[in-house]
Amino acid sequence: MKILKTKLIILFLTLSNIIVNSQSRRVADKYFEEFAYYKAAKIYEAVYQKGDTTKYLLKRLGDAYYNNSQTENAEFWYRKLVEEKKEQDPTYLFKYSQVLRSNGNLQKSDSIYALLNKELNDQEGEKYVNKNNFLQDFLNQGDKKISLRNLATNTPFSDFGGVIFEDQVYFASASPRGLKKEKLYRWNNQPFLNIYKSDAFFQRLDEVKTDSVYDLENKTILSQNINTKFHESSPVFTKDGKYMYFSRVNFNGRKLGKDKKQTVNLKLYRAERNGEDWDNVEELPFNSDEYSVAHPALSPDGKTLYFASDMPGTLGQTDIFKVAIKEDGYGEPENLGKVINTPEKEMFPFISDDNILFFSSNGHRGLGLLDIFQTKMYEDGKFSKITNLDFPFNSKKDDFSFYVAKDGKKGFFSSNRAKGKGDDDIYSFYISQIPEEEKCYEYVTGVVTNKVTKERIPNTIVKLIDDLGTVIEEKLTDSRGSYNFKLECKKENYVVIAEKRDYRNPDSKKVSVSGETKDKRYRVDLVLDPLIVGNQIVIKPIYFDYDKAIIRDDAQYELENIVTVMNNHPNMVIKIESHTDSRGGKVYNRKLSDRRAKSTRDFIISRGIESERIESAIGYGEDQLLNHCSDKNSRKCSEEEHQLNRRSYFYIVRGKEVTVDNAKPTVIDKKGYNSQKAMLERLSKFKSRKTRRLRTKPESDKCYRGNSDCSEE
């Protein structure tokens with residue numbers, strides 16, 4: 001009997017928890033559908049802590065933060081959805097990859113894109129990899145201009161390379177040093193290569209911004225710690241500036257090392273920074289007299305070194321390899337494989353911050369001899385399709401040693417193309433925006449006012465939300481409470497919402513933009529209801545069912561406003577008064593209202609408010625009726641009239657001071673919003689073909705009828 005009783009208690013508590021979670025989730029859903037994402041997220045998190053870890057809840061949590069531009073929180077919940085719950089919905093794979101990219105985790109983002117790309121390729125034959133990371137696709141948009149410059153520092157001898165380190169450009173040159181009996185390289189009868197550095201500057205041509213070029217001046221040779229009387233080239237620097245990797249012929253300072261065929265090969269070295277100079281030059285352990293290792297490049301995180309070599313395991317004449325950089329040394333070199341390497345030559349690797357591998361090859365289909373190619377490298381070790389950079393980077397001659405700066409606008413490559421200054425020359429490039437043609441714009445404008453005082457409210461966040469529920473732009477109202485959104489002429493449906501600290505849930509209105517009339521203005525005025533009026537936190541009445549003290553869903557929804565205000569003002573202390581209608585005895589009603597006041601107090605405490613911040617919770621029964629429904633008229637009143645008297649008040653005892661929140665609004669990946677929306681629309685079409693409903697609009701994820709309807713899929 002005791003065991004049965006224990007089981008019944010456990011069952012009762014479990015069912016109670018399910019009911020409470022279901023109620024709270026319905027309240028959060030209501031906030032979510034009103035675009036009150038912050039409040040919704042906080043309630044969803046409380047439900048999660050109570051044991052609801054369903055996919056439904058994780059999606060809503062991720063979406064609440066994603067739609068409100070809080071990418072770090074969105075990443076946390078999407079990670080649980082995708083990695084722990086194994087969610088395969090392309091919509092959520094896409095959103096997860098977006099927040100990863102926004103938070104700087106580019107490699108992981110690209111790996112998710114790869115999964116998404118594979119599924120859509122298999123089903124639809126289309127490629128959705130983020131092409132904005134590919135230089136040639138970027139240029140092919142038609143609104144960019146490339147300005148090339150054969151550098152002023154080039155000579156009739158071989159000059160190549162070009163990397164930026166601390167605002168200076170480092171490169172290799174065979175220009176004579178002016179030494180007596182200077183040695184010449186028998187291969188081309190030129191002096192040996194040395195590493196130089198120069199200052200960079202911009203020059204405008206004809207005062208036109210789009211014709212700016214990037215050039216070098218003040219050429220200076222590095223010290224003898226780096227440059228010997230033989231070849232040095234291809235410097236690359238760690239991000240912390242502590243080390244430089246570079247190529248050098250097999251020379252130990254006294255004599256040249258040779259292989260069995262009496263050939264002198266190239267080796268890789270690392271130098272350590274010492275003030276303005278470099279010393280402690282050491283040879284890397286995977287060098288050999290029997291093969292060449294040259295042209296180093298570093299991964300964005302600095303943990304992998306890439307290079308070109310003809311070491312054992314090479315598939316062609318020279319291949320690109322990689323090796324792990326460890327705290328205690330280096331790993332074993334790995335060939336990048338047949339996707340990259342061919343039976344011919346692959347050389348001069350460079351990896352951009354977006355994890356794009358640029359390299360030169362005469363084995364992939366190109367325009368001439370060595371051409372520059374690019375491919376996206378994914379976290380799983382796979383590569384995207386190899387793409388030729390095409391003109392103007394490639395020519396009929398050799399084009400190699402590509403480098404692009406972090407800003408993606410300037411860089412260098414080397415070529416022995418026609419009309420150069422001599423042998424190999426270094427060319428700089430600068431990518432600029434072509435001035436836009438006059439575009440068609442329409443405007444959504446309005447003012448935000450206080451419902452009680454009728455005054456305009458400055459510093460109010462106004463959000464423009466698309467039909468997918470995503471915040472695409474945010475503004476703060478000016479000193480006159482006005483806002484203005486500038487939109488390209490395009491037929492769209494939007495929701496405009498205003499929200500501000502210590503005001504009720506956002507006011508929202510729909511607006512449809514025709515996209516047909518230049519400079520047309522759509523007026524959308526919004527009104528916010530203050531939560532603090534006088535000495536009260538004013539919310540809509542907290543109603544109770546007849547003869548009950550249970551907090552209903554609609555009461556929970558309203559009480560969240562109390563929680564929000566008290567969280568906004570950590571020093572605020574309140575007292576609660578609760579009232580009943582006149583039905584029932586006076587003594588009973590006082591006890592009932594007291595239970596309701598304390599039930600209200602307990603709910604607020606359950607949402608994280610400290611108990612000492614609620615000074616009292618007292619019921620006054622039917623002593624303070626709001627209408628004529630006294631004992632005498634009780635039977636003459638409707639249920640609605642009686643319910644009006646079943647209410648609660650929240651008086652501020654202390655800590656009433658209100659501060660203005662001037663936080664600037666932020667939006668997820670605003671520049672990439674159009675591609676984001678296009679992707680989601682394409683995903684929608686893709687899934688409709690598969691007869692699966694795409695959950696993009698907030699309404700589609702409703703889950704109201706019970707916990708079983710929201711269980712794991």
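Only a predicted model underlies this, so the values are computations on that prediction, with no experimental measurement involved.
- Note that CZ of F358 is 5.0 Å distant from CD of Q374, once rounded to the nearest 0.5 Å.
- Formation of a donor-acceptor pair under 3.5 Å by the N67 side chain with backbone atoms of V471 is not found in this model.
- Remark: E75 engages R79 in a salt bridge (charged side-chain N to carboxylate O under 4.0 Å, His left out) (not counting sequence neighbours).
- Residues N341 and I320 form a side-chain contact, since some pair of their non-hydrogen atoms from C-beta on lies under 4.5 Å apart.
- Between S173 and D159, the side chains place a donor N or O and an acceptor N or O closer than 3.5 Å (distance only, hydrogens not considered).
- For the ring-ring contact (aromatic ring centres under 6.0 Å, His included) test with F307, the passing option among F286, Y291, Y269 is F286; the others fail.
- Rounding to the nearest 0.5 Å gives a distance of 7.0 Å between CG of D215 and OG1 of T153.
- For K338, the NZ atom is loosely surrounded, since the number of other residues' heavy atoms within 6.0 Å does not exceed 12.
- If you take CD1 on I195 and CG on L222, they are separated by 6.5 Å, rounding to the nearest 0.5 Å.
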Please step through side-chain contact (heavy atoms from CB on, under 4.5 Å) for the pair L284 and Y330, ending with a clear verdict. CA-CA 8 Å; L284 299 194; Y330 300 86; 3.4 Å; yes
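- Once rounded to the nearest 0.5 Å, the distance linking CZ of F359 with CZ of F348 reads 13.5 Å.
- In this structure Q168 satisfies the side chain to side chain donor-acceptor pair (under 3.5 Å) test together with D199, sequence neighbours excluded.
- Between the side chains of E72 and Y65, no donor-acceptor pair is found at a separation under 3.5 Å.
- In this structure, F165 and W278 have tilted ring planes: the angle between them lies in the 30° to 60° band.
- Checking each of F393, F412, F413 against F402 for a ring-ring contact (aromatic ring centres under 6.0 Å, His included) leaves exactly one that passes, namely F393.
- Looking only at side-chain heavy atoms (C-beta outward), P300 and N355 come within less than 4.5 Å of each other.
- Checked against side chain to side chain donor-acceptor pair (under 3.5 Å), D167 has no partners two or more places apart in sequence or in another chain.
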